[in-house]
Amino acid sequence: MTAAHDPLPPTQAVDWETRYREGATGWERPGLNRAFLAWRESGALSPCRILVPGAGRSTEPLVLAEAGFDVTVVDAAPSAIAAQRERLTNLHVRARVEFADLFTWQPPTAFDAVYDQTCLCALPPSLWPDYVARLHGWLKPGGRLFVLFMQTGQPGGPPFHCDVATMRRLFAADSWEWPDHLGEPVLHESGRREQPVVLRTLTPTSR
């Protein structure tokens with residue numbers, strides 16, 4: 001436990017546990033994300049070793065595990081971890097649920113894919129550069145990031161507005177390959193929109 005005089009770990013810059021207990025979780029959605037379903041139906045997101053950082057209480061990790069993915073979930077909120085463990089621990093699926101700070105956690109091996117539905121937009125923008133660097137490090141060369149950029153059009157958060165032009169600078173072209181065209185935004189239950197994007201990590205030979 002962090003002592004009162006110690007600085008908070010970066011992922012705890014927001015008191016996630018209190019937000020879960022109070023229902024102040026505007027980034028959550030009750031069902032499967034439509035972009036997630038489209039990626040699955042098209043085959044773009046097919047069974048592999050995948051990380052879901054800051055998964056919260058989303059149901060996507062369970063659906064991925066049941067579909068044959070080797071799933072790792074990492075979150076820093078006890079309520080979120082308890083929800084994921086309740087769904088996943090007793091099933092005969094390839095899934096791990098880890099309670100950890102994302103800014104110190106490091107997997108033993110890199111992943112084929114990362115699915116980020118609620119993590120980036122929930123983190124304060126001051127943490128985004130460090131988080132993007134960690135995303136790149138968690139992925140194998142040529143690995144893919146399936147990400148949803150929350151479009152609130154408003155200051156403050158979470159969730160924080162992920163302006164696409166800002167995201168292009170953050171996920172820079174020397175490290176990430178962007179698609180030629182972006183798909184249509186999907187509607188979030190809160191009335192906000194999310195911009196789905198699949199990014200690929202670039203290797204030194206492909207830059």
Side-chain angles (χ1 to χ4, degrees), residues 25-75 80 83-84 87-88 93 95 102 111-123 125 128 131-132 134-136 138-140 142-154 157-173 175-202:
T25 52
W27 61 88
E28 288 193 298
R29 62 166 64 241
L32 295 172
N33 192 292
R34 283 189 290 172
F36 171 84
L37 291 173
W39 285 328
R40 289 288 294 120
E41 290 168 2
S42 71
L45 185 55
S46 56
C48 63
R49 187 166 177 269
I50 190 168
L51 169 67
V52 187
R57 298 175 294 196
S58 62
T59 55
E60 277 80 359
L62 173 61
V63 172
L64 289 168
E66 290 180 330
F69 288 74
D70 182 353
V71 181
T72 296
V73 171
V74 181
D75 206 288
Q84 296 295 346
R87 293 189 188 120
L88 293 166
V93 294
L102 288 168
F111 293 89
D112 303 303
V114 172
Y115 177 69
D116 186 320
Q117 175 176 301
T118 60
C119 194
L120 175 69
C121 71
L123 291 171
W128 287 352
Y131 178 63
V132 170
R134 296 194 71 80
L135 283 170
H136 198 278
W138 291 332
L139 283 164
K140 293 178 179 179
R144 290 184 297 171
L145 170 64
F146 294 81
V147 62
L148 288 131
F149 295 137
M150 183 70 78
Q151 305 295 293
T152 70
Q154 299 176 349
F160 294 93
H161 178 58
C162 299
D163 175 70
V164 174
T166 300
M167 296 298 101
R168 285 188 178 275
R169 291 191 295 271
L170 192 64
F171 292 87
S175 298
W176 299 88
E177 180 182 72
W178 281 71
D180 293 334
H181 304 285
L182 299 184
E184 290 296 320
V186 296
L187 185 65
H188 191 279
E189 276 75 0
S190 64
R192 304 179 180 99
R193 295 177 299 115
E194 295 167 298
Q195 177 62 60
V197 183
V198 181
L199 302 174
R200 187 174 68 89
T201 57
L202 294 176

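Keep in mind the model is a prediction, meaning the values are calculated, not measured.
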Could you go step by step and tell me if Val197 and Val164 meet the side-chain contact (heavy atoms from CB on, under 4.5 Å) rule? CA-CA 10 Å; Val197 183; Val164 174; over 6 Å; no
Would you call Asp112 and Lys140 a salt bridge, using N to O less than 4.0 angstrom? yes
Derivation and outcome, side-chain contact (heavy atoms from CB on, under 4.5 Å), residues Phe36 and Leu64: CA-CA 10 Å; Phe36 171 84; Leu64 289 168; 3.6 Å; yes
Nearest heavy-atom contact between Pro61 and Val73 is CB-CG2, 3.6 Å
If we check side chain to side chain contact (heavy atoms under 4.5 Å, CB included) with Leu145, which of these qualifies: Leu135, Val132, Thr201, Val198? Leu135
Test item: Met150 and Thr118 side chains (from C-beta on) under 4.5 Å apart, heavy atoms: no
Would the distance check show the side chain of Glu60 and the main-chain N or O of Asn33 forming a donor-acceptor pair, the cut-off being under 3.5 Å? yes
Check whether any side-chain heavy atom of Cys162 lies under 4.5 Å from a side-chain heavy atom of Gln151, and answer yes or no. yes
To the nearest 0.5 Å, what is the distance between CZ (Arg87) and OG (Ser58)? 7.0 Å
State whether the side chain of His161 and the backbone N or O of Gly153 hold a donor-acceptor pair below 3.5 Å, judged by distance alone. yes
Between Asp116 and Tyr131, do the side chains contain an N or O donor and an N or O acceptor separated by less than 3.5 Å? yes
Closest heavy-atom pair and its distance - Arg40, Ala67: NH2-CB, 3.2 Å
Pair listing, salt bridge (Lys or Arg N to Asp or Glu O under 4.0 Å) test, anchored in residues 160-169, at least two apart: none
Cut-off 3.5 Å, side chains only: do Asp75 and Gln84 have a donor facing an acceptor? no
Mind checking whether Leu102 and Trp138 have side chains closer than 4.5 Å, heavy atoms only? yes
Find the distance between CD (Glu194) and CZ (Arg34) and round it off to the nearest 0.5 Å. 9.5 Å
Start with the C-alpha gap between Phe111 and Val71, add the side-chain angles, then the distance that decides, and say whether side-chain contact (heavy atoms from CB on, under 4.5 Å) holds. CA-CA 10 Å; Phe111 293 89; Val71 181; over 6 Å; no
Would you give the length of the straight line joining atom CH2 of Trp128 to atom CG of Leu120, rounded to the nearest 0.5 angstrom? 5.5 Å
Pair listing, ring pair (Phe, Tyr, Trp, His ring centres under 6.0 Å) test, anchored in residues 47-69, at least two apart: none
Ring pair (Phe, Tyr, Trp, His ring centres under 6.0 Å) involving Phe146 - partner list, sequence neighbours excluded: Trp39
Salt bridge (Lys or Arg N to Asp or Glu O under 4.0 Å) partners of residues 41-51, not counting sequence neighbours, each pair once: none
Nearest-0.5 Å distance that lies between atom CG in Leu202 and atom NE2 in His136: 6.5 Å
Does a side-chain heavy-atom distance below 4.5 Å link Leu182 with Pro196? no
Taking atom CZ of Arg134 and atom SG of Cys119, what is their separation to the nearest 0.5 Å? 11.5 Å
Shortest non-hydrogen contact from Leu88 to Leu62? CD2-CA, 3.8 Å
Measure the shortest side-chain to side-chain distance between Met167 and Trp176 over non-hydrogen atoms and say whether it is less than 4.5 angstrom. no
Check side-chain hydrogen bond (donor to acceptor under 3.5 Å, both in side chains) between Glu177 and all other residues, then give those that pass, not counting sequence neighbours. Arg200
Over all atoms of both residues, closest heavy-atom pair of Ala80 and Arg57: CA-CG, 4.1 Å
Considering residues at least two apart in sequence or located in another chain, which fulfil the side-chain hydrogen bond (donor to acceptor under 3.5 Å, both in side chains) criterion with Thr152? none
